[in-house]
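Here is how names work: the chains are called A, B, and so on, in the same order as the sequence lines, proteins then strands, and each is numbered from 1. The figures that follow rest on heavy atoms only: side chains count, while hydrogens, waters and symmetry mates do not.
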Amino acid sequence: MGGKVTCTLGEVKNRADFIVYWGGNPAECHPRHFTKYTLTQKGRFVPEGRKGRTMVLVDIRETPSVRAADIFLQLRPGKDFEVLTTLRALLKNQRVDEASVAETGLTIPQLQDLVDRMKRARFGVIFFGMGVSMTRGKHMNSAAILRLAAELNAFTKFVCMPMRGHGNVTGSDMVLRWTTGFPFGVSLARGYPRFNPGEFSTVDLLVRGDNDAALILGADPGATMPQPGIDHLARIPTIVLDPKVTHTSRLARVHITTAATGISAPGTVYRMDEVPLPLRPALKSPYPTDEDVIRRIRRAVAAKPAWTPSPDARIAGA
Amino acid sequence: MPILTLKEQPPVPLEAESLSPDVVAALTLDAIRALPVHLGKSRRSVGDFFEVAGPHGDELEIRGDAAKVKWIGRGMTRGRITLLGNAGMHLGSCMKGGSIEVSGNVSDWLGAEMSGGRIRVGGNAGGQVGAAYRGSLTGMTGGTILIGGSAGLEVGMRMRRGIIAVAGQARDFAGLEMKGGTILLRGGAELRTGAWISRGTIISLKPIPLLPTFSYACTYNPTFLRLYARHLSPLGFVIPHDEKDGAYERYAGDAAVPGRGEILVWKPAGS
Amino acid sequence: MLKITGGTVHDPANGVLGVVKDICIADGRIVSGVDGGRSIDATGLVVFPGGVDVHTHVAGAAMNFARGVTPENYRRAVRFIHAPDRRAGLGGITPTTFATGYMYAGMGWTTVNEAAVPILSARHTHEELHDIPILDKSSLVLMANNEIVLDLLEAGEVERARDVVAWLIWAAKAYGVKAVNPGGIVAWKSGKNASTLSAPIPGYGHLTPARIISGLAGIVDDLKMPHPLHLHGNNLGMPGNAQTTLETMKVLEGHRAHLAHLQFHAYGGDGWGTMRSEAKALAEAFNARKNLTADAGAILFGDAMTVTADGPWEHVLHGLTGRKWSNVDVENETGCGIVPYTYKERSLVNAVQWAAGLELLLLIDDPWRIFLTTDHPNGGGFWRYPELVRLLRDADHRRECLKKIPPKARGRMVLPDLDRQYTLSEIAIITSAGPARALGLSRKGHLGVGADADLALYEEKPSNGLMFEYPRYVIKGGEIVVEDGEIRAVTHGREFIARPAFDDRIEAYLRPLFEKVYTMSFDNYAVEVERLGQPDIHPCA
């Protein structure tokens, strides 16, 4: 339980002959995925390019990505966990209930065929998107994909990778991990890092109204959060740093326009496979960078009476 | 027994792990008032939020809507906490002994990773009752948790021993990755009960949807249930077990692991 | 300016073996005398040059991967509470970056060598190293499964291979070259391994692990790198692998080389049931081969985290223990496997491993060639080095510990017969002077005039805990950073990088190759020197 088996995208390009996209629509959301990494490139060990690869698309509806798929498995909404759990069982030659499987919109022969193909692959990869991680089951859907990929290694090389969203969400994950130990949902209230998704993750804090101020950088929760969360953001002092005036800006107390990172501000971006790439700005901006603004805020905060956590904070928490 | 009455609603969650019999037992009321609590990033005192009265001792009574007060009873080994009202997250987390009684509702992580003692909640519980914290291999390893209302997601996730009984309905993933112990669902559950179970028993008194990786084994009246019934009946949880009333359908799973857990679903006679 | 008076100084590099003398510091260096400034009365204290960890894993993709998959460990970890001059952090078996600096400095270690960096994520490693306070750092770049280099070695194009290696070292802004399981990681990408030094690697015509080893060792020598090829040999962790290690030593004849975490390569037997320590045979062979240095990679009973580029080994470990397994294959270069592990006294295999590490340290006769490490976090957390020191200095304590291991294990080792006790000066060599010399860091590991003013002052018999656990003072670059076990000042260290010479035209060779097999623009590959905090460039001439 736990753990993750993955690779960098070049391994997919050079070796993968079986590619599954689950709960994602790369044709529209990661428009260069097929051509740069997964389907059309001639790989070192897949010199035939597209012909040497099989692509399976698993989703609840037909999206433009279907056109690139060799096999399309359409499952009913909210059934990813059931299907993935069934695949894990079939992989181990275990019995599954036919009627239950039928409720997923797929059949046992379809799933058995998928398992057999995966086992026969030389190098398989499952890319999973928000259709998995953001639907009923959430992290358990992602866990199911991770577990399936790991278990397939008893038969052949198999990896999985999340199709990370726009912006530098992977970068924030990386930096938070090395500075605090945890990828997101980190509380420093007791003076040291603590992690508990559901308690300290953004949507939960906002919906419960557990925070009394907010600084929003590189995100637009005012557009994506459930209404109670948006209402809470409007009630508390909210500060937004963004190149554009966003939905959140409109309900914030302060909006500071900053230069767009990657276009007018330098930095490092981490790709979905956690490979770092340098960002060299092509344009100049009249606005300060996010970094400039945060440093200035920090200097102003440092000039105030210091807040130092109490010694008994050392025994806090779980 | 000290009586703490919440006099001021904390504007953000209050972390109050010092509200535990082990901590307050030997303290005077003034010392209790001076105990630290954390309001967000500030250190405050119990007395800032609670009126403290009553004789000292290791039985603590807390009155008021403490829904935003977290970590009450953390790691307690003895004594008793009575909450007349609601309580926040992590109530009785890592508890080793003693008892907690709550008249109202509680939030997530009730009795997380507890190893002994008893928790009773009159109202509803949140998610992760008796569960393992994220990444941890094992949840509850002993003790009893009784919930009078409904419960949230992941009840008993990765528990290894102990009993959790829920009168109302549980949400998804009750018994997720269970390794042992017993979960009683009087009001049934939503989806994915017993997902990835390797060992343990889940008893549902209402029909519940099951994962495709569970197989029907038999219909019977297991004798061990009489013991459970005798144990839980005085605590207000009736487990039907008489042949004339019905029988249990036993489902074995989860084949995905493959696990040797079981889900027993009550089938009343004549249905 | 700082003067440390009356301390018992151990500076073995300069022949000072426990002599009471004063140390004078100005502008971050040791000087012959100072006028004014602060004075520390070190009467009764032992003065050591700051510790140098020659092989540890503290920064970069592998460690960050380990952090991410084990959030539960942090609940038991030491907590660093933030303060106006101090960052928050967590210790444990995979410390966060700020905590890493505080923890090493808190023990009196002042320089660390990050032992395994893929070029593809070197940028990430440098970002993490930048966030490790106080310590000076260096890093080693992974080369022995780099497919462009392997192709050149297979084709016999040694000159070109040398230029590529040099270019890659500079692209990664590394200090040295690391070889891990030569050929084995590239074989792992098709689910195989490379267990025989003289057998062609799966996927190659005639290239063998032995050829990779000798090829790279030769290249590193030709490039005049300050540190020799740093080798994690084939068959790590497997019973009987001492044979592979002896063969590897033969392959390295005529070259300098550093053998990493030798303990993990010191086993006899032909299966887990017959596994034994062959440290004695290895030590004898090693003693005779003066071209080699090694670090112990000793294990300590308790929790560890196996994090290594040796992917096949990690899959084996997962199968043996059932503990959670993580793996990442890095295109064209390397890979990484992670499995949390706990060493137990009652395990026969773990007892043999524990003994083997100590046997190597006790039987290798030249402390200038064997260094104290646990291959953190693989053998145990680095903050437990004081426990190892105690085991080396106190034979009675060793005997007490031997009583706790299974009786059957005693027949698999020679440790019970070893009476040697390390002197303090010898400890100073294996924790500081020796590693500094092996790394080619001429201003580290000693307290002669001109050296960097990195030192630690210890009570020899502290009332609480072990010597080296809580130094009374730690000085880094002439600043007191630790006093009475507490961080007093947070400085920022340098990063040592090497600049080997290469023919510039090699870039024209590399560019099209790179664009074909990698997935980024060639211009994004090399790390710009401006991105490093305080680079200290060592030209290789």
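Residues A/N196 and B/W109 have side chains in contact (heavy-atom distance under 4.5 Å, counting atoms from C-beta outward). Inter-residue side-chain proximity for B/V257 and A/Q94 is flagged as unmet; no heavy-atom pair is nearer than 4.5 Å. With a 4.5 Å cut-off on side-chain heavy atoms, A/R208 and B/M89 count as touching. Between B/F214 and A/D97 the shortest side-chain heavy-atom distance does not fall below 4.5 Å. Between B/M157 and A/M140, every side-chain heavy-atom pair lies at or beyond the 4.5 Å cut-off.
In this structure, no portion of B/E113 lies under 4.5 Å from any heavy atom of chain A. For B/Q128, no part lies near chain A; criterion is any non-hydrogen pair under 4.5 Å. Residue contact with chain B, scored on non-hydrogen atoms closer than 4.5 Å, is absent for A/E103. Using a 4.5 Å cut-off between heavy atoms, A/A144 contacts chain B through both its backbone and its side chain. For A/N211, the part lying under 4.5 angstrom from a heavy atom of chain B is the backbone only.
Judged purely by atom type and a 3.5 angstrom limit, A/K92 uses its side chain to pair as donor or acceptor with the backbone of B/A256.
For B/K68 against A/G209, the heavy-atom pair with the smallest separation is NZ-O, 3.6 Å. When every heavy atom of B/L210 is checked against every heavy atom of A/S100, the shortest pair comes out as O-OG, 3.9 Å. Across all their heavy atoms, B/R134 and A/P197 have their closest contact at CG-CD, 3.8 Å. Between A/G78 and B/R192, the closest heavy-atom pair is O-NH2, 2.7 Å. The minimum heavy-atom distance between A/A189 and B/G40, with the atom names listed, is CB-O, 3.6 Å.
With chain A as the partner, the residue from B/P11, B/G126, B/P13 showing the most heavy-atom pairs under 4.5 Å is B/P13. By number of non-hydrogen pairs under 4.5 angstrom with chain A, the leading residue of B/L211, B/D254, B/L176 is B/L211.
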Derivation of the side chain to side chain contact (heavy atoms under 4.5 Å, CB included) call for B/E190 and A/R136:
CA-CA 12 Å; B/E190 292 184 40; A/R136 186 169 183 170; 2.7 Å; yes
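A/T104 pairs by the side chain to side chain contact (heavy atoms under 4.5 Å, CB included) definition with A/K79, A/E82, A/V83, A/V101, A/L106, not counting sequence neighbours.
In A/Q227, the CD atom is crowded: over 12 heavy atoms of neighbouring residues, nucleotides or ligands sit closer than 6.0 Å.
Taken from NZ in B/K41 to CG in A/L188, the straight-line distance is 11.5 Å, to the nearest 0.5 Å. The line from CZ of B/F173 to NZ of A/K138 is 11.5 Å long, rounded to the nearest 0.5 Å.
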